[in-house]
Amino acid sequence: MTTRVIIVDDQAMVRAGFAALLAAQSDIDVVGEAPDGAQGVELSRRTHPDVVLMDVRMPEMDGLEAARRLLTPPPGVTHRPRVLMLTTFDVDDYVYEALRAGASGFLLKDAPPADLIAAVRVVASGDALLAPSVTRRLIADFARQRPAARGKPALRLKGLTERETEVLTLVARGRSNVEIAETLVLAEQTVKTHVSRVLTKLDLRDRAQAVVFAYESGLVAPGE
């Protein structure tokens, strides 16, 4: 199955370089490019990509607003791509908000080519980019700057079983399914099932939103 991708970045050389790299992969099809968020949203509406590579900082409309529009479409628009934010900074306020809006993670623009290719495949498969230590630090910083909202998010936790709560805690700490399986002495497929149930019960899009939710609800505290 081929993954359809569009690239939204205000730097033409970046777009061209990423497009050439991704198009060379047999399982990835670059279906368009756009120089700003507004054109990126319009392009996505027309081409229906699986993944949108979205620069964070752009003129006209930044990547955050564009991501919001793609991930919370207006009535009548059913297509919602997965959004992978691109940034030149490992910690960026825009990225915090993008994760809350439903973006599936972020990638540094200077990451090795193999990382870009892998990132597109990971996000297309429905997972999120949360394993790197830089991402753990980003979300910990996010939680530190914004105290846990003890109201509704905490109440929603009560709908989880004890095992599901354990799994969510480990997801929030940046553990992969394999690492969670080893920690809880479970089969990896069982962990995947628990993660899926957590996302469904909490009405979350993916692991990225699950991590943010865990911090905001107070389930996990920075530095734990």
Side-chain angles (χ1 to χ4, degrees), residues 54 56 62-65 67-68 70-72 80 82-85 87 89-108 119 122-123 125-224:
M54 181 78 73
V56 170
D62 64 28
L64 174 58
E65 179 58 29
R68 284 186 180 132
L70 291 176
L71 297 169
T72 310
R80 287 204 311 170
R82 297 197 175 269
V83 177
L84 178 60
M85 306 302 295
T87 179
F89 305 97
D90 61 0
V91 175
D92 191 312
D93 285 340
Y94 282 92
V95 179
Y96 301 140
E97 299 304 326
L99 290 175
R100 295 183 73 182
S104 295
F106 79 101
L107 186 72
L108 297 181
V122 166
V123 169
S125 72
D127 211 336
L129 294 181
L130 293 174
S133 60
V134 63
T135 309
R136 298 176 194 173
R137 186 173 75 252
L138 183 151
I139 296 195
D141 287 347
F142 160 78
R144 198 172 289 116
Q145 293 177 24
R146 299 165 176 78
R150 298 288 179 178
K152 291 182 180 179
L155 288 175
R156 288 163 64 189
L157 284 173
K158 294 183 178 180
L160 302 182
T161 66
E162 182 178 351
R163 179 62 83 189
E164 288 165 352
T165 302
E166 289 177 327
V167 169
L168 175 57
T169 300
L170 292 172
V171 167
R173 290 173 179 163
R175 304 287 179 82
S176 67
N177 285 344
V178 172
E179 292 170 331
I180 294 173
E182 292 175 349
T183 300
L184 299 180
V185 194
L186 297 172
E188 185 179 353
Q189 185 57 49
T190 301
V191 172
K192 290 181 180 179
T193 299
H194 284 310
V195 171
S196 178
R197 287 175 179 167
V198 167
L199 297 180
T200 299
K201 287 184 176 182
L202 297 178
D203 192 25
L204 302 172
R205 181 177 172 87
D206 55 27
R207 293 170 81 103
Q209 286 196 322
V211 171
V212 172
F213 177 90
Y215 277 106
E216 288 192 323
S217 66
L219 177 65
V220 177
E224 286 187 347

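In what follows, every heavy atom counts, from backbone to side chain, and hydrogens, waters and symmetry copies are set aside.
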**Q.** Pairing residues for R163 by the side chain to side chain donor-acceptor pair (under 3.5 Å) criterion, not counting sequence neighbours
**A.** E166
Q) Looking only at heavy atoms, what is the nearest atom pair of F106 and T87, with distance? A) CD1-CG2, 3.6 Å
Q | Value rounded to 0.5 Å, distance of CE in M54 from CG in L107 | A | 14.5 Å
**Q.** Gap separating the CG atom of L219 from the CZ atom of R156, nearest 0.5 angstrom
**A.** 12.5 Å
Q | Over all atoms of both residues, closest heavy-atom pair of R82 and V123 | A | CD-O, 2.8 Å
Q) Can you name the side chain to side chain donor-acceptor pair (under 3.5 Å) partners of E65, sequence neighbours left out? A) R69
Q.
Working to the nearest 0.5 angstrom, can you tell me the gap between L202 CG and F213 CZ?
A. 4.5 Å
Q: Report yes if some heavy atom in the side chain of L157 is under 4.5 Å from a heavy atom in the side chain of L168; otherwise report no.
A: yes
Q) If every non-hydrogen atom of M85 is compared with every non-hydrogen atom of A103, which pair is closest and at what distance? A) CG-CB, 4.0 Å
Without placing hydrogens or testing angles, list every side-chain donor-acceptor pair under 3.5 Å for residues 180-196, not counting sequence neighbours.
{"residue": "T183", "atom": "OG1", "partner": "E179", "partner atom": "O", "Å": "2.9"}
{"residue": "T193", "atom": "OG1", "partner": "Q189", "partner atom": "O", "Å": "3.1"}

(Q) With a 4.5 Å cut-off on side-chain heavy atoms, are L160 and V167 touching? (A) no
Q | Sub-4.5 Å side-chain heavy-atom contact between V56 and L64 | A | no
Q. So, for A67 and V83, which heavy atoms are closest and what is the spacing to 0.1 Å?
A. CB-CG1, 4.2 Å
(Q) To check you understand the geometry: which heavy-atom pair defines the closest contact between A210 and L204, and what is its length? (A) CA-CD1, 3.6 Å
Q: Any chance you could measure S217, atom OG, to K158, atom NZ, to the nearest 0.5 Å?
A: 12.5 Å
